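Only a predicted model underlies this, so the values are computations on that prediction, with no experimental measurement involved. By convention in this document, chain letters (A, B, ...) are assigned in the order of the sequence lines, proteins followed by strands, and residues within each chain are numbered from 1.
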2 protein chains.
Amino acid sequence: MTVKKRSQRVLSHHSPIFRRLKDLGPIDVDALNAVASLSGHEIEIPRGADFVTRGTVISHAFAIETGWAMRYLLTRDGRRQITSLVLPGDLVGYESALVGRAAHTVCALTNLKAFAFDASDLLDILYAHPSLMRILAWRQDSEITAMDESSLRLGRFSAEQRLAHFFADLWRRLRRVGHADDRGFDLPMTQSEISDALGLSLVHTNRRLQEFRRDGVLAIDNGRLRIGDAGRLLELASGRGAGAHALGA
Amino acid sequence: MTVKKRSQRVLSHHSPIFRRLKDLGPIDVDALNAVASLSGHEIEIPRGADFVTRGTVISHAFAIETGWAMRYLLTRDGRRQITSLVLPGDLVGYESALVGRAAHTVCALTNLKAFAFDASDLLDILYAHPSLMRILAWRQDSEITAMDESSLRLGRFSAEQRLAHFFADLWRRLRRVGHADDRGFDLPMTQSEISDALGLSLVHTNRRLQEFRRDGVLAIDNGRLRIGDAGRLLELASGRGAGAHALGA
DNA sequence: CGCTCCTTTGATCAGAATCAAACAACGTGG
DNA sequence: CCACGTTGTTTGATTCTGATCAAAGGAGCG
């Protein structure tokens, strides 16, 4: 892995990780200070690098500061499924602190800046501050909830719906952290990557995207997604029902 | 919801939850005792009942003792995606202890016996015993890992592979807890439910299952899945690759 | 006996994959 | 500065997996 290590230091107070922590409700100051005192180093990870690999013993975890990454799996014949996007403020590889090795493979979608810190330090802090452990559990559960949604998308939505749902979801996520406005957001993904997130073929993805463009729903150009018709987009994306009657439905 | 409450008591030492806890590595006796002293009541939940509903405020969580359940979502037009199976030894609704409300909807696939306990008691215990919180986080991460696998299945596997992978995975899970042997296991799911777990239509699922039967791979009769050719099954199921080169693959 | 739930069958249709190739943008080294 | 390789997007033609529609058997049950 080609990473550039930089200054040894502590987590910046401006790191998106703090914004995220505060989003999750009140934390006691002690816990926050403990996180702030985590020592580690800023690293840069080049696009395309697998910086965490499933099954390997890794000694540190990463807090993503800028850039996007993806969790993914490969089929035996080399096709890919992107299972989750990792955005600024997300933690990667922390599970190594719990289990000793990485449970996922994560690859940089863009050049990344991340804060790398010792996984065992993290474990210590989590033990010392149950409220942080609780927040970790909370976030993991959010991830599970998000993956439920993603399963519905993969299992039951048409290509058009999958795309709409995917972009709508990203839009929401990015607005929450100030990386998107009403008109759109920067989307550093190729159509091939989008396909691999949605379980579609590249060609089909391309055609549906062109349709969106023609219909004025949205258009991607130059790494930026522009929302043309938010109403229509959300309409297409909202394939999910309320959730009542289950068996036999 | 039609549930039958029974004796108010503490968690049985024979509950699958303990077996599961011990699987996850050494726990200090204190923590184990704390879990054992959780007070609650045994309940019976009838097949088809949604016993946890997303978004609702619930005061208790459930440890499944016997029977199967499912986490699921519905599309707006009433189709269903089963996102995860809940087996004996699994915890359901614990997230309400972290966040205050249920994050998932869970429905009984069979009649269930479960131990219902106060979510806030659980939270207390988790705070008092960080090692338990760690185990919770560990299990959540396992769930995420399992869902990654499920995304690959939904996004990139053929119907035949999905079925094989699904059954192989279930077989493994059930053997680990002594609910399956070399020849097969009890499968309390209708073909409709299997379809909804795999993102397939009922008709198509039925046809692929018949093919499996004809080819002697496996056969389902009377709620029991019999493995005919384990080698072939695992071969079909093993669509996943090692996981190296990511971008552009 | 008549439901209801589940499985099976047949026929048709369509969404999306696949194959093949051109085109466009970009960075690099000669 | 341009030829060239690489990466990403677009187009066209064709095939096929799996969805949908419709309905008939089976099995269990009150």
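Counting only N and O atoms by type, the side chains of A:S151 and B:T83 include no donor and acceptor under 3.5 Å apart.
If you measure from atom CG of A:N206 to atom P of C:dC23, you get 16 Å, rounded to the nearest angstrom. As rounded to whole Å, 12 Å separates atom C1' of D:dG8 from atom CD1 of A:I194. Rounded to an integer number of Å, the gap from CG of A:D196 to C1' of D:dG8 is 14 Å. Between B:L209 atom CG and C:dT9 atom C1' the separation is 15 Å, expressed in whole Å.
Listed by first and then second residue, the salt bridge (charged side-chain N to carboxylate O under 4.0 Å, His left out) pairs involving residues 84-94 of chain A are A:R20-A:D90, A:D90-A:R139, A:D90-A:R173 (not counting sequence neighbours). For residues 208-217 of chain B, the set of pairs meeting the salt bridge (charged side-chain N to carboxylate O under 4.0 Å, His left out) definition, not counting sequence neighbours, comprises B:R208-B:E211.
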| request: Would you give a per-nucleotide map of nucleotides 12-26 of chain D, 5' to 3', where B means the base has a protein non-hydrogen atom under 4.0 Å away, S means only the sugar-phosphate does, and - means neither? | output: BB----BSBB-----
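Under the side chain to side chain contact (heavy atoms under 4.5 Å, CB included) criterion, B:D77 pairs with B:T75, B:R79, not counting sequence neighbours. For B:E235, the side chain to side chain contact (heavy atoms under 4.5 Å, CB included) criterion is met by A:R76, B:R232, not counting sequence neighbours. Considering only residues two or more places apart in sequence or on other chains, B:S96 meets the side chain to side chain donor-acceptor pair (under 3.5 Å) condition with none of them. In this structure, the salt bridge (Lys or Arg N to Asp or Glu O under 4.0 Å) partners of B:D169, at least two apart in sequence or on a different chain, are B:R172. Under the rule for a ring pair (Phe, Tyr, Trp, His ring centres under 6.0 Å), A:H104 has no partner lying at least two apart in sequence or in another chain. With sequence neighbours left out, the side chain to side chain contact (heavy atoms under 4.5 Å, CB included) criterion links B:A164 to B:F212, B:L233, B:L236, B:A237. The side chain to side chain contact (heavy atoms under 4.5 Å, CB included) check on B:S15 picks up B:L11, B:I17, B:F18, B:E65, with sequence neighbours excluded.
At a threshold of 4.0 Å, the pair B:E193-B:R47 counts as salt-bridged, since one of the basic side-chain nitrogens sits closer than that to a carboxylate oxygen.
One axis for each end of the helix from C:dC1-D:dG30 to C:dG30-D:dC1, each built from five base pairs, and the angle between them comes to 30° at 10° resolution.
For the contact set between residues 210-229 of chain A and DNA chain C, defined by any heavy atom under 4.0 Å, there are no members.
A:Q191 has a side-chain polar atom (N or O) that falls below the 4.0 Å cut-off from OP1 or OP2 of D:dT10.
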